[in-house]
A.B. asks: 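Handing you a structure now.
Chain A is the first sequence line, chain B the second, and so forth, proteins listed ahead of strands; every chain is numbered from 1.
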There are 2 protein chains.
Amino acid sequence: MGTTQLESVTEPKYWHLRTVLSEALDSEFTVGEILPNERELAARFGVARATLRQALEQLELEGRLERRRGVGTTVAPPRTGVAVGTEQQLWPGTDDDAWQPVDSTLAAPPAAVATALATARDQAVHIVRRSRVSDGRPVAAELLYVPVASVPALASEPGAATVHAPTGAARARAVLGELQRLELQGQDRAVELGSARAEDARELDRLPGAPVLVVTTRFFAEGRTAALSVATYRADTCRLTFGASGGVEIQHGPERPAS
Amino acid sequence: MGTTQLESVTEPKYWHLRTVLSEALDSEFTVGEILPNERELAARFGVARATLRQALEQLELEGRLERRRGVGTTVAPPRTGVAVGTEQQLWPGTDDDAWQPVDSTLAAPPAAVATALATARDQAVHIVRRSRVSDGRPVAAELLYVPVASVPALASEPGAATVHAPTGAARARAVLGELQRLELQGQDRAVELGSARAEDARELDRLPGAPVLVVTTRFFAEGRTAALSVATYRADTCRLTFGASGGVEIQHGPERPAS
DNA sequence: TAGTGGTCTAGACCACGGG
DNA sequence: CCGTGGTCTAGACCACTAC
């Protein structure tokens with residue numbers, strides 16, 4: 001039978017281009033190789049640059065290409081498998097959980113976070129920033145919101161902690177350390193698509209608005225939400241893996257070429 | 001200190017537009033309301049339509065807007081929480097797992113799938129199609145690959161099964177039923193960003209290339225990968241939830257407005 | 001400074017949905 | 001049929017990187 005169906009519908013040019021380029025990438029290019037520049041590619045295919053760019057955008061979204069202003073377009077390596085859901089429920093910061101503490105502040109969280117934590121609107125919480133690196137590249141930025149009630153031992157005044165911890169990273173570690181005193185009763189995770197805010201984009205070495213996978217994790221203890229993590233992963237380079245296996249298989253999972 | 005930093009860098013017009021529109025959506029519009037058309041909006045903001053569209057694309061990606069050709073642009077409801085990772089490891093098709101069997105064929109799988117299943121290149125496998133509906137809207141399309149070795153009781157000839165099961169859905173159910181005879185030893189999950197193939201796009205009521213969340217699940221039994229599921233979720237409308245809680249909270253999780 | 005990708009424009013035409 | 005969003009064009013200029 002075959003799903004060939006004879007193209008009764010008009011296929012957009014950029015979509016056809018995407019397919020052609022995708023096949024070319026598979027057969028005629030190697031990882032890291034740089035493509036001809038956009039103006040030349042557009043000319044070669046006889047389309048406007050905007051149209052060519054639409055096709056390139058698709059391929060970048062799919063993790064096939066990497067584009068850098070001032071440099072060029074290169075063939076991207078297969079996506080990195082990034083472990084997210086160690087089935088074993090653990091507090092963030094336990095052992096070496098691939099995250100690197102950056103700093104920590106005490107401030108009022110966004111409204112949506114306050115709601116999730118069931119704290120008062122203007123109640124300040126610890127905001128711990130962490131970053132995650134894989135293969136030498138930054139892959140994720142995290143904001144961890146910890147209500148002061150979850151880490152009562154910490155001095156409320158930032159000054160007190162700062163004395164012993166001049167760098168923000170140490171303060172972040174202090175919050176994470178205190179958190180582990182609580183007994184973790186459970187956690188909850190959600191994944192959705194988002195676009196990188198300016199700050200995250202900078203940290204992830206992308207432009208603002210770049211597609212990201214947002215992983216929201218709620219940590220429960222003492223019968224309430226004791227902490228909330230919002231982690232932002234580069235969607236173009238990451239494949240989030242859950243479960244036991246570290247997850248290195250299936251090169252182009254989503255591509256699944258026509259049967 | 002405040003991260004205000006005085007805009008030393010030039011902010012793209014479309015990004016600023018996105019922010020302005022986003023705030024307008026929060027304060028001046030209600031879910032389901034239709035926005036002015038693109039030409040008028042562009043004129044109102046004094047930009048070209050292409051620029052305005054760039055902003056709208058961002059907002060659509062974030063699940064704030066829904067655009068339909070021939071109809072208009074409407075304010076989207078908050079994303080639907082879609083449960084994915086019932087911690088309890090179960091075969092697909094168990095009970096009512098929110099998926100609806102569509103049909104089933106016996107054919108050679110894509111190369112990447114054959115690799116993951118460790119079957120020979122041209123070895124045919126059962127390909128079960130299922131779809132998932134939430135709130136009356138299609139949210140996901142799945143292809144489930146089942147090597148014949150995993151369901152030996154099924155006749156290899158499609159004809160035999162067809163006699164008792166004229167509709168494809170029944171054949172799909174037959175494969176799922178046979179699968180449950182195996183003892184499930186474990187499973188493995190990965191989530192990544194992809195773009196909808198033409199076929200998936202049609203089923204999800206989107207255009208080809210629309211952003212989707214691709215969930216790849218491997219089912220292990222008898223010491224090997226006994227089945228492989230590739231599920232394609234609409235990225236604009238879905239929030240994938242893992243863990244015990246069904247997951248209805250945090251309205252605009254990823255948005256987290258500037259602190 | 002030269003070359004790259006990123007942004008933006010002003011227009012045209014097309015495909016689709018609903019009266 | 002009309003109005004909508006989707007596609008496409010041919011240009012211009014900007015921001016960044018590397019030499």
A.B. asks: Glu40(A) has an atom CD; how far is it from atom P of dT4(C), in whole Å?
C.D. replies: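 Atom-to-atom, Glu40(A) to dT4(C), this comes out as 9 Å.
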
A.B. asks: Report all side-chain donor-acceptor pairs from residues 106-113 of chain B shorter than 3.5 Å, counting only partners two or more places apart or in another chain.
C.D. replies:
none

A.B. asks: Consider the side chain of Pro12(A), meaning its heavy atoms from C-beta on, and name the nucleotide among dA10(C), dG5(C), dC8(D) that approaches it most closely.
C.D. replies: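 Closest of the options to the side chain of Pro12(A): dC8(D).
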
A.B. asks: Taking only the side-chain heavy atoms of Val47(B) (C-beta and beyond), determine which of dT4(C), dT9(C), dG6(D) contains the nearest atom.
C.D. replies: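 Minimum distance to the Val47(B) side chain belongs to dT9(C).
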
A.B. asks: Can you work out whether Gly70(A) or Gly72(B) has the more 5'-proximal nearest nucleotide on DNA chain D?
C.D. replies: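 Result of the comparison: Gly72(B).
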
A.B. asks: List the steps and the verdict of side-chain contact (heavy atoms from CB on, under 4.5 Å) for Ser195(A) and Arg18(B).
C.D. replies: CA-CA 11 Å; Ser195(A) 49; Arg18(B) 184 210 79 113; 4.0 Å; yes

A.B. asks: Within the structure provided, determine whether Leu193(B) and Asp236(A) are in side-chain contact (heavy-atom separation under 4.5 Å).
C.D. replies: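 Leu193(B) vs Asp236(A): side chains apart.
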
A.B. asks: Residues two or more places apart in sequence or in another chain: which of them pass salt bridge (charged side-chain N to carboxylate O under 4.0 Å, His left out) with Glu60(B)?
C.D. replies: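 Per chain and number, Glu60(B) pairs via salt bridge (charged side-chain N to carboxylate O under 4.0 Å, His left out) with Arg67(B), Arg206(B).
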
A.B. asks: Does dG5(C) have OP1 or OP2 sitting under 4.0 Å from an N or O in the side chain of Thr73(A)?
C.D. replies: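 Indeed, a polar side-chain atom of Thr73(A) lies that close.
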
A.B. asks: At 4.0 Å (heavy atoms only), tell me whether Arg68(B) reaches a base, stays on the sugar-phosphate, or touches nothing.
C.D. replies: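 Touches sugar-phosphate only.
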
A.B. asks: Does Ala201(B) have any side-chain contact (heavy atoms from CB on, under 4.5 Å) partners at least two apart in sequence or in another chain, and if so, which?
C.D. replies: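 Here the qualifying residues are Ala196(B), Pro208(B).
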
A.B. asks: Consider the side chain of Ala48(B), meaning its heavy atoms from C-beta on, and name the nucleotide among dT9(C), dA15(D), dA10(D) that approaches it most closely.
C.D. replies: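 So the nucleotide nearest the side chain must be dT9(C).
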
A.B. asks: Nearest whole Å is fine: how far is dT4(C) C1' from Arg39(A) CZ?
C.D. replies: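 The distance from CZ of Arg39(A) to C1' of dT4(C) comes to 7 Å, rounded to the nearest Å.
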
A.B. asks: OP1, OP2 of dA15(D) versus side-chain N and O of Thr10(B): anything below 4.0 Å?
C.D. replies: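 Result: yes.
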
A.B. asks: Side-chain donor-acceptor pairs under 3.5 Å in residues 43-55 of chain A, sequence neighbours left out?
C.D. replies:
unit_1   : atom_1 : unit_2   : atom_2 : d
Arg44(A) : NH2    : Glu40(A) : OE2    : 2.7
Arg49(A) : NH1    : Glu38(A) : OE1    : 2.6
Arg53(A) : NH1    : Glu38(A) : OE1    : 3.2
Arg53(A) : NH1    : Glu38(A) : OE2    : 3.0

A.B. asks: Strictly below 4.0 Å: does Tyr14(B) bring a side-chain N or O up to OP1 or OP2 of dT7(C)?
C.D. replies: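 Result: yes.
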
A.B. asks: Send over the distance from Leu41(A) CG to dG6(C) P, rounded to a whole Å.
C.D. replies: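 Going from Leu41(A) (CG) to dG6(C) (P), I get 13 Å.
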
A.B. asks: Is any side-chain N of the basic residue among Asp26(A) and Arg64(A) closer than 4.0 Å to the acidic one's carboxylate O?
C.D. replies: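 Arg64(A) and Asp26(A): salt-bridged.
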
A.B. asks: Between Asn37(B) and dT4(D), is there a side-chain N or O to OP1/OP2 distance below 4.0 Å?
C.D. replies: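 Yes.
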
A.B. asks: How long is the span from the CG atom in Leu144(B) to the OG1 atom in Thr217(B), to the nearest 0.5 Å?
C.D. replies: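 One gets 9.5 Å once the value is rounded to the nearest 0.5 Å.
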
A.B. asks: Output yes when at least one side-chain N/O atom of Arg67(A) is less than 4.0 Å from OP1 or OP2 of dG6(C), else no.
C.D. replies: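 Yes, Arg67(A) has a side-chain N/O under 4.0 Å of OP1/OP2 on dG6(C).
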
A.B. asks: For residues 51-58 of chain A, which residues have at least one heavy atom under 4.0 Å from DNA chain D?
C.D. replies: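 Only Thr51(A), Gln54(A) qualify.
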
A.B. asks: Measuring from Asp200(B):CG to Asp205(B):CG, what's the distance to the nearest 0.5 Å?
C.D. replies: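 One finds 13.0 Å between CG of Asp200(B) and CG of Asp205(B).
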
A.B. asks: Are OP1 or OP2 of dG6(C) and a side-chain N or O of Lys13(B) less than 4.0 angstrom apart?
C.D. replies: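 Indeed not, no polar side-chain atom of Lys13(B) lies that close.
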
A.B. asks: Measure the distance from CD on Glu60(A) to P on dG6(C) and round it to the nearest whole Å.
C.D. replies: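 To the nearest whole Å, that distance equals 7 Å.
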
A.B. asks: Nearest to the side chain of Arg49(B), heavy atoms from C-beta on, is which of dA10(C), dG17(C), dT7(D)?
C.D. replies: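 For the Arg49(B) side chain, the nearest candidate turns out to be dT7(D).
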
A.B. asks: Please report, rounded to the nearest Å, how far the P atom of dT7(D) is from the CZ atom of Phe45(A).
C.D. replies: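 It works out to 19 Å between those atoms.
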
A.B. asks: Heavy-atom contacts under 4.0 Å between residues 203-211 of chain A and DNA chain C, which residues?
C.D. replies: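 Per residue number, the list reads Leu207(A).
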
A.B. asks: Rounded to the nearest angstrom, tell me the gap between atom NE2 in His16(A) and atom P in dT7(D).
C.D. replies: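 Atom NE2 in His16(A) sits about 16 Å away from atom P in dT7(D).
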
A.B. asks: Any N or O donor-acceptor pair under 3.5 Å from the base of dG3(D) to the side chain of Arg69(B)?
C.D. replies: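 Answer no: no donor N or O sits under 3.5 Å from an acceptor.
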
A.B. asks: Is it true that Arg137(A) and Glu66(A) have a side-chain N and a carboxylate O under 4.0 angstrom from each other?
C.D. replies: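 Salt bridge between Arg137(A) and Glu66(A), a charged N being under 4.0 Å from a carboxylate O: no.
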
